[in-house]
Amino acid sequence: MKVIIVGGVAGGATAAARLRRLDESAEITIIERSGYISYANCGLPYYIGGVITRKEDLTLQTPESFWKRFRIQARVHQEVIRIRREEKKVQIRDLKTGETYEEGYDKLLLSPGASAVKPAVFGVEQEGVFTLRTVEDTWRIREWIEEKKPKRAAVIGGGFIGLEMLENLLGLGIRTTLLQKSDQVMPPLDYDMACGVHAYLRGRGVDLRFRQRVTGIEKTEQGLTVQIEGEEALETDMVLLAIGVSPENWLAKEAGLDLGLRGAIVVDEHMRTSDPDIYAVGDGVTVRHFVSGQPAWIALAGPANKEGRIAADHICGRGSSYRGSQGSSILKLFDMSIASTGLNEKGAKEAGIPYDYVITFSPSHAAYYPGSSNMTLKVIFHKESGQVLGAQIIGFEGVDKRIDVLAAAIRARMTGEELAELELAYAPPFSSAKDPVNMAGYVIENVREGLVKQYTWKEALSLPRDGSVTLLDVRTDKEYAAGHIPGTVHIPLDGLRERLSELDRGKRVYVNCQSGLRSYLACRILAQKGFDCYNLIGGYRYYALICEDQECNPVPSHSCGLPIHEE
């Protein structure tokens, strides 16, 4: 059997190695356009920033090492330019000599990846304007910085690459501005969770600008000028374009293979395309979202590796199937960790899934043990079944293990109540006896059993201040004096039982504390005394972060006089 693999890195190289482990007699060839068949794509920003110091640490395999270990021929600086499906041949161009030749195949596997998107504006091809997608891009940026020694940089786009490059450029002492077209960084997060990231970045002195539509980049004697619609132009020395990636589909398109979401290649559960002898994996394919069941395009290394293994299995006659991706990811941003898995609110709405969510604020380990830091968890669950649909976490320690537990829970189709039952490892340096994941489960259980009713930050902004409802703050005097929701009555929790007569049982009571725990306790007291009571999700802390963010980024005011984010 002769197998040709178009593209290496995560999907193609993984498939090749798996094929060899399953079939020692197969003739396997990788055709790779760049000079590297397998490299640590996710580590590229850290080489530019000097965190990773050796080039060889990024290049996991070379053509020589691949041949020595696996007897797989890897041809770099060569590109497949045409698929002749009827004859089961590919046309290949040697990028160094310009010569073309043909190779036949029994099975063809496409791992084309994705390419960095460049905005359709003038000036993006000028010197000092970069994208970061390949190893060659990395060398180019690092060498340019070492030679030109820029003092200012503009990063356009606040996704994974944009934020990682922001951190690394700042680490090099380059004053960096982040320009984002939308009103938040990190699209996998819901806006409310992203507000915590915005506050953290601003606290570190980052120049963070939202609703910035770049219209062009001009070369000047002093460097570069980024033109922004309706705003003053930004003077800078270099620009990093990080507005996203798109699947490389031109080869599949010309071959007449079926394309789907965002033009990515349509594959079945075995990673077969519409041609049964052609497989496709990685960032160039459409998969099924594990939670929603709908088509999804998810450009992550983990899924690409799994898809490559499954394609190789099926080529070799094994019945492996890909059950879908849930988009689990994590990002280090200075000292902060940002993680998500499964559906966010936008995804649940688009899928037509009835959902609810809880927000908890928990210490990373026992608060009495030194070094504890808080983390914010948002867990989205199915309103009717209680099944966990997605989770987002921001924090500074232990975020990675909590998101992995929640990712496994989603894979097992567990309910929120079952999160409460998980028996997780505990010792004071590592966790609490009630782990943050357990705590999220307890809150979901309370909500679903009707022990507490919730209201959101949006509702807190829009509640009437005409006396028809009661807004109650149960924090301490000191906390209340430091800031509170306009129109709230202040009764500290510890004195609430003695002051119930000050509240009208005929009015709904909307309670808040700092994080949601004391207000839950207040709601339990009030509910058992005949009050119709609601607890603010995330507490005043969460509400204040969002209000602060919207005041930094003005949007139309709501009738209550506070700005409100519109989705």
Side-chain angles (χ1 to χ4, degrees), residues 7 9-11 41-45 48 111-125 129-134 136-138 141 153-169 176-191 194 197-198 201 208-217 226 228-229 238-250 253 259-265 282-287 289 295-304 325 327-331 333 338-340 343-344 346-347 350 392 567:
V9 198
N41 192 289
C42 299
L44 302 183
I48 294 171
S111 180
S115 56
V117 174
K118 291 185 177 182
V121 299
F122 67 87
V124 294
E125 301 298 336
V129 181
F130 303 97
T131 59
L132 177 59
R133 186 64 184 171
T134 66
E136 287 87 351
D137 293 336
T138 309
I141 296 170
V155 173
I156 303 175
F160 289 95
I161 292 295
L163 292 179
E164 288 170 347
M165 281 302 297
L166 171 76
E167 176 183 353
N168 281 280
L169 290 171
T176 306
T177 299
L178 181 69
L179 303 174
Q180 174 69 18
K181 187 177 180 181
S182 71
D183 60 359
Q184 71 168 85
V185 299
M186 287 300 289
L189 298 182
D190 289 317
Y191 167 75
V197 182
H198 302 166
L201 288 172
L208 189 59
R209 306 186 189 182
F210 293 112
R211 303 178 187 89
Q212 306 286 297
R213 184 176 178 273
V214 174
T215 58
I217 303 170
V226 180
I228 305 167
E229 185 178 76
M238 66 177 290
V239 175
L240 191 285
L241 301 173
I243 63 174
V245 296
S246 61
E248 286 225 13
N249 65 2
W250 65 269
K253 187 176 182 179
L259 303 179
L261 191 66
R262 297 187 63 173
I265 305 166
D283 295 353
V285 306
T286 298
V287 297
H289 196 287
W297 183 65
I298 298 173
L300 293 170
S325 174
S328 301
S329 64
I330 189 166
L331 171 74
L333 184 59
I338 306 162
S340 65
L343 295 176
N344 56 18
K346 180 181 178 182
E350 289 177 347
Q392 301 158 47
E567 292 186 347

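The analysis underlying the following values was restricted to heavy atoms, covering all of them including side chains, and did not include hydrogens, waters or symmetry mates.
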Specify the closest pair of heavy atoms between A116 and V245, including all atoms of both residues, with the distance to one decimal. CA-CG1, 4.1 Å
For V185 and L178, run side chain to side chain contact (heavy atoms under 4.5 Å, CB included): C-alpha distance rounded to whole Å, both residues' side-chain angles, the deciding distance at 0.1 Å, then the answer. CA-CA 10 Å; V185 299; L178 181 69; 3.8 Å; yes
Heavy-atom pair with the smallest gap, counting every atom of A301 and A10: O-CB, 4.3 Å
Start with the C-alpha gap between L343 and H289, add the side-chain angles, then the distance that decides, and say whether side chain to side chain contact (heavy atoms under 4.5 Å, CB included) holds. CA-CA 9 Å; L343 295 176; H289 196 287; 3.6 Å; yes
CG of D283 to CD1 of I265, rounded to nearest 0.5 Å, is 11.0 Å
Kindly indicate, with the supporting measurements, whether the criterion side-chain hydrogen bond (donor to acceptor under 3.5 Å, both in side chains) is fulfilled by S182 and Q180. CA-CA 6 Å; S182 71; Q180 174 69 18; 2.9 Å; yes
Return the minimal non-hydrogen interatomic distance between S340 and P188, and the atom names on each side. OG-CB, 3.4 Å
Does F160 reach the side chain of M186, with side-chain heavy atoms less than 4.5 Å apart? yes
List the atom of Q392, the atom of L189, and the distance in Å for their closest heavy-atom pair. OE1-CA, 3.4 Å
How far apart are the closest heavy atoms of L261 and P295, and which atoms are they? CD2-O, 3.7 Å
Any donor-acceptor pair under 3.5 Å from H198 side chain to Q184 backbone: no
At what distance, to the nearest 0.5 angstrom, does CZ of R211 lie from CG of D183? 5.0 Å
Stepwise, does the side chain to side chain contact (heavy atoms under 4.5 Å, CB included) test hold for L44 with D137? CA-CA 9 Å; L44 302 183; D137 293 336; over 6 Å; no
Of all heavy-atom pairs linking S325 and P303, the shortest is OG-CG, 3.5 Å
Side chain proximity check, I161 to P45, heavy atoms < 4.5 angstrom: yes
Only one of I338, L208, L331 clears side-chain contact (heavy atoms from CB on, under 4.5 Å) with V197; which? I338
Between N168, L169, T131, I48, which is the residue that forms a side-chain contact (heavy atoms from CB on, under 4.5 Å) with I141? I48
Given L163 and V155, is the side chain to side chain contact (heavy atoms under 4.5 Å, CB included) satisfied, shown in steps? CA-CA 8 Å; L163 292 179; V155 173; over 6 Å; no
Please round to the nearest 0.5 Å and tell me the distance separating atom CD1 of I217 and atom CD of E125. 10.0 Å
Do the side chain of R262 and the main chain of S246 share a donor and acceptor less than 3.5 angstrom apart? no
Are any non-hydrogen side-chain atoms of T176 and L240 less than 4.5 angstrom apart? no
Should V9 and S111 count as side-chain neighbours, where that means a heavy-atom distance under 4.5 Å? no
Just by distance, do the side chain of Q212 and the backbone of V214 share a donor-acceptor pair under 3.5 Å? no
Hey, is the main chain of M165 close enough, under 3.5 Å, to the side chain of E167 for a donor-acceptor pair? no
